[in-house]
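Down below is the structure, laid out as structure tokens.
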Amino acid sequence: MSEHPIEKGVTDVVRTYELLDRVRTRQDLVIRDDQFDFTALLEAARYAERRRIRLSLLDTGRLSLEEVESLARAGSRILTSDEARPRAGEWAILQGACREYGTHLSVLWNGPLPAADEIAGFSSQTLENLLRSGVDFQISNRKHPRDAAALAGLAAAAKKGRAFFVVYHIGPLDAELAGPAAHRAWIHFSDTSIADEPAAVLAVEIARAAAGCSSRVAVHIERGLPLELLEELWAAGAVLFFLTPPSDDRSLLRPVETKAARRKLPARAYWLSTAFMP
């Protein structure tokens, strides 16, 4: 049996207050668009803006473009994808709202990169223009191989727009990753990508290239690296995310873990959390 209208109204009010309480007690909060109805999300966005609390909406495509635009105008950072918003015109509208109201649009690109002459959806030129307008862009090679030269070109466009261009690299390191890094791309990879001494040298070189262009390499430590290499990566400017159990106080690794925790990535330089790679 469905809820009585009065009971449903009370439930909606309670859920709204629960959402506002979550916003009040968190300084950085990501909310999916299917967790609450639009009215509650909009009220939470306005509340967060008044309190100067960073609120991000994860757009899965459930809300209409107009509703997501309203949330951007209320001060929410918008996190979407090429799957949730597959039309360039929608990106342009959301980017306009975000830019006008001092927040950001960030897109996770899941599919193959568009060709230069592609007409339906996106072309590579359309994508570059959106990045030049300031759209933050995040891309992984987990599902599709990525051409490093194409990534470097997109990173250069993002740099012109002062956008964040974030690359998640899965698998053995590629020397060509230095190309995007030299155009201020933020590069994530796991220590499992560093299989031997040449890869270790390459990891340090890529970290140094990124740091020289005011971005960072983020190394996700899943199995552990030699202490000397960790120190070299740190000196080259890398951010080290230790996903291994903490060392004890007597370990030589403990000072590295301690100082690594103090070097942070901006929220625009990772997708949802620093604990995983999409």
Side-chain angles (χ1 to χ4, degrees), residues 30-34 38-39 41-42 44-46 48-49 54-141 143-144 146-147 149-168 180 183-186 215 266-272 278:
V30 178
I31 301 174
R32 283 175 58 101
D33 60 3
D34 56 1
F38 170 69
T39 301
L41 291 170
L42 185 60
R46 290 169 174 168
E49 175 67 12
R54 185 169 54 203
L55 176 65
S56 299
L57 175 81
L58 180 58
D59 171 36
T60 68
R62 188 184 72 86
L63 299 177
S64 69
L65 174 62
E66 292 75 16
E67 288 173 328
V68 178
E69 183 184 4
S70 295
L71 290 166
R73 292 181 180 278
S76 292
R77 176 175 174 237
I78 305 300
L79 309 177
T80 189
S81 69
D82 59 323
E83 295 171 344
R85 301 287 161 188
R87 290 178 286 276
E90 292 186 320
W91 290 28
I93 290 170
L94 292 177
Q95 171 61 8
C98 287
R99 183 167 52 192
E100 182 179 356
Y101 288 86
T103 184
H104 302 283
L105 172 65
S106 182
V107 179
L108 176 65
W109 189 276
N110 293 296
L113 284 171
D117 58 351
E118 192 165 334
I119 298 175
F122 284 84
S123 67
S124 59
Q125 186 60 57
T126 300
L127 185 53
E128 286 186 14
N129 291 341
L130 286 163
L131 299 184
R132 287 193 188 98
S133 75
V135 174
D136 292 342
F137 192 82
Q138 315 228 3
I139 187 168
S140 170
N141 69 339
K143 294 181 180 179
H144 299 279
R146 307 300 183 183
D147 178 70
L151 294 181
L154 292 172
K159 182 179 179 181
K160 291 179 180 178
R162 297 184 179 181
F164 277 61
F165 190 86
V166 184
V167 177
Y168 287 91
H183 289 288
R184 207 170 67 85
W186 302 73
S215 62
R268 295 168 67 187
Y270 57 87
W271 186 254
L272 300 183

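E100 places no side-chain N or O within donor-acceptor distance of the main-chain N or O of R73, the cut-off being under 3.5 Å. At distances below 3.5 Å, not a single donor-acceptor pair connects side-chain atoms of R99 with backbone N or O atoms of V135. Under a 3.5 Å cut-off, the side chain of N141 and the backbone N or O of H144 do not form any donor-acceptor pair. At distances below 3.5 Å, not a single donor-acceptor pair connects side-chain atoms of R268 with backbone N or O atoms of L105. A donor-acceptor pair is defined here as one N or O able to donate and one able to accept, closer than 3.5 Å; no such pair exists between the side chain of S56 and the backbone of I78. In this structure, D34 contributes its side chain and R62 its backbone to no donor-acceptor pair below 3.5 Å.
Under the 4.5 Å side-chain criterion, counting only non-hydrogen atoms from C-beta, V107 is not in contact with D136. Side chains of S106 and W271 form a contact here, defined as non-hydrogen atoms less than 4.5 Å apart. Side-chain contact between P278 and Q138 is absent, with no heavy atoms from C-beta onward closer than 4.5 Å. Proximity of L79 to L57: side-chain heavy atoms (C-beta onward) are nowhere separated by under 4.5 Å. Residues S70 and F38 are in side-chain contact: their nearest non-hydrogen atoms beyond the backbone lie under 4.5 Å apart. Side-chain contact check for R184 versus P180: every heavy-atom pair is 4.5 Å or farther apart. Side-chain contact between L113 and L151: present, with at least one pair of heavy atoms (C-beta onward) separated by less than 4.5 Å. Side-chain atoms of H104 and C98, non-hydrogen and from C-beta on, never get closer than 4.5 Å to each other.
With sequence neighbours excluded, the residues satisfying side chain to side chain donor-acceptor pair (under 3.5 Å) with D59 are T80, R85. By the salt bridge (charged side-chain N to carboxylate O under 4.0 Å, His left out) test, R146 is found to be paired with no residue, residues two or more places apart in sequence or in another chain being considered. Evaluation of the salt bridge (charged side-chain N to carboxylate O under 4.0 Å, His left out) rule for E49 yields no partner, not counting sequence neighbours.
Rounding to the nearest 0.5 angstrom, the gap separating the CZ atom in R54 from the OG atom in S76 is 12.5 Å. Distance CD/Q95 to CG/L130: 8.0 Å, rounded to 0.5 Å. Expressed to the nearest 0.5 Å, how far CG of L131 lies from NZ of K159 amounts to 14.5 Å.
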- Message: Apply side chain to side chain contact (heavy atoms under 4.5 Å, CB included) to residues R77 and L55 and explain how you reach the verdict.
- Response: CA-CA 6 Å; R77 176 175 174 237; L55 176 65; over 6 Å; no

- Query: Would T126 and S123 satisfy side chain to side chain contact (heavy atoms under 4.5 Å, CB included), going step by step from the backbone distance to the final call?
  - Reply: CA-CA 5 Å; T126 300; S123 67; 3.0 Å; yes

- Query: Stepwise, does the side chain to side chain contact (heavy atoms under 4.5 Å, CB included) test hold for N110 with I139?
  - Reply: CA-CA 7 Å; N110 293 296; I139 187 168; over 6 Å; no

- From CA spacing to verdict: side chain to side chain contact (heavy atoms under 4.5 Å, CB included), L58, D33: CA-CA 6 Å; L58 180 58; D33 60 3; over 6 Å; no

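The ring of F122 has its center closer than 6.0 angstrom to the ring center of W109. Ring-centre distance between W186 and F165: not below the 6.0 Å cut-off.
Nearest approach of E83 to P86, heavy atoms of both residues: O-CD, 3.9 Å. Taking every heavy atom of both residues into account, D147 and A150 meet most closely at OD2-N, 2.8 Å. Contact detail for H183 and A152: the closest heavy-atom pair is CD2-O, 3.7 Å.
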